[in-house]
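First comes the structure, then the notes that go with it.
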Amino acid sequence: METGALTVGGKYCKYPNNDFIVLPFQLFKNGVHVQSDTLKFSRVVKFKDLSFGKYTIKFKSIYNHQEMIDVALNSKTQKIVLCIDQIDYNLAKDRLFIDELKPNEKLKIHFDSSGCFDFEEASLEITRTGKQYLAKINETQIVLSDFQIKLLREFEIELREIPTRFCTTTDTYNLHILNTTKNIKLIDESCSWYGFKNLLLQLKLDKNFK
């Protein structure tokens with residue numbers, strides 16, 4: 001029987017600037033549990049002397065969703081990377097505020113972060129002028145591309161999915177379509193997402209956030 005080694009690593013795939021502490025996972029072969037282990041501080045776990053065949057790795061993302069990765073082990077050495085920030089955006093059940101904006105309406109995303117030794121606060125405004133969407137923070141305003149609007153949708157889905165966990169830093173988000181009753185307050189205490197900063201980085205507005 002041929003055997004090989006499987007090396008398992010983990011990382012933030014969408015948000016590469018983030019670091020994770022621990023990522024527990026389970027290894028299965030043909031539905032039978034083989035072994036459980038935990039990735040720590042971006043290190044890897046190596047399984048040796050595994051018989052060739054089809055394997056499945058199960059883990060929970062930062063959104064507390066059960067994720068599965070299928071692996072066909074057919075060589076002496078094989079590597080796989082688990083995306084700790086993996087999420088299926090098609091699973092969103094709530095209608096997003098960004099999609100509810102009518103012409104000349106404005107969505108305000110107010111963010112504040114408080115921890116043991118720091119406090120940050122900022123507001124990002126999204127305005128629909130017709131077919132265009134504008135994003136403004138402080139005195140900087142840009143016209144959003146279709147790709148950037150897609151990033152905003154993903155941000156809102158992630159925000160609604162991030163679970164509550166205890167952390168020394170609390171990030172509070174208030175989303176409000178101005179001059180309407182549509183508003184929502186969401187709190188992120190995961191210390192694993194950093195959604196607002198990552199959004200500004202992707203929109204190339206991070207230099208305007210101080």
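Along the sequence shown, the residues carry numbers beginning at 1.
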Practice prompt. State which residue, out of Ile126, Leu178, Asn179, Thr180, fulfils the side chain to side chain contact (heavy atoms under 4.5 Å, CB included) condition with Glu105.
Written response: Thr180

Practice prompt. Kindly determine whether Ile109 and Phe97 satisfy side chain to side chain contact (heavy atoms under 4.5 Å, CB included), including the steps that lead there.
Written response: CA-CA 10 Å; Ile109 303 172; Phe97 278 19; over 6 Å; no

Worksheet entry | Val71 vs Val8, side chain to side chain contact (heavy atoms under 4.5 Å, CB included): CA-CA, chis, key distance, verdict | CA-CA 11 Å; Val71 185; Val8 180; over 6 Å; no

Worksheet item: Going through the checks in order, is the side chain to side chain contact (heavy atoms under 4.5 Å, CB included) test met by Leu27 and Asp37?
Response: CA-CA 8 Å; Leu27 180 67; Asp37 215 315; over 6 Å; no

Discussion item. If the test is salt bridge (charged side-chain N to carboxylate O under 4.0 Å, His left out), which one of Arg128, Arg153, Lys182 qualifies with Asp99?
Written reply: Arg153

So do the side chains of [X] and [Y] get within less than 4.5 Å of each other, counting heavy atoms only?
X      : Y      : result
His65  : Asp88  : no
Ile184 : Arg160 : yes
Tyr133 : Leu152 : no
Leu175 : Leu159 : yes
Gln26  : His33  : yes
Ile87  : Ser61  : no
Leu39  : Phe59  : no

Hydrophobic clustering (ILVMFWY, side-chain heavy atoms < 4.5 Å, transitive) - are [Y] and [X] grouped together?
X      : Y      : value
Ile84  : Leu201 : no
Leu144 : Leu96  : yes
Tyr55  : Phe47  : yes
Tyr63  : Tyr194 : no
Phe28  : Leu73  : no

Worksheet item: Should Leu124 and Phe196 be marked as a side chain to side chain contact (heavy atoms under 4.5 Å, CB included) after you check the CA-CA gap, both sets of side-chain angles, and the distance that decides it?
Response: CA-CA 9 Å; Leu124 176 67; Phe196 190 76; 4.0 Å; yes

Worksheet item: Is it the case that Ser51 and Lys29 place a side-chain donor and acceptor less than 3.5 Å from each other?
Response: yes

Discussion item. Checking Glu158 against Tyr15: is there a side-chain donor and acceptor pair closer than 3.5 Å?
Written reply: yes

Discussion item. Can you classify the ring geometry of Trp193 versus Phe155 as parallel (below 30°), tilted (30 to 60°) or perpendicular (above 60°)?
Written reply: parallel

Check: [Y] main-chain N/O paired with [X] side-chain donor or acceptor under 3.5 Å:
X      : Y      : value
Tyr173 : Glu156 : no
Asn18  : Pro16  : no
Asp188 : Asp171 : no
Asn174 : Lys185 : no
Lys76  : Thr3   : yes

Which heavy atom of [X] sits nearest a heavy atom of [Y], and at what distance?
X      : Y      : value
Cys167 : Glu189 : CB-O, 2.8 Å
Thr56  : Asp70  : OG1-OD1, 3.0 Å
Ser190 : Pro163 : CB-O, 4.3 Å
Ile137 : Ser123 : CG1-O, 3.5 Å

Worksheet entry | NZ (Lys14) with more than 12 external heavy atoms under 6.0 Å | yes

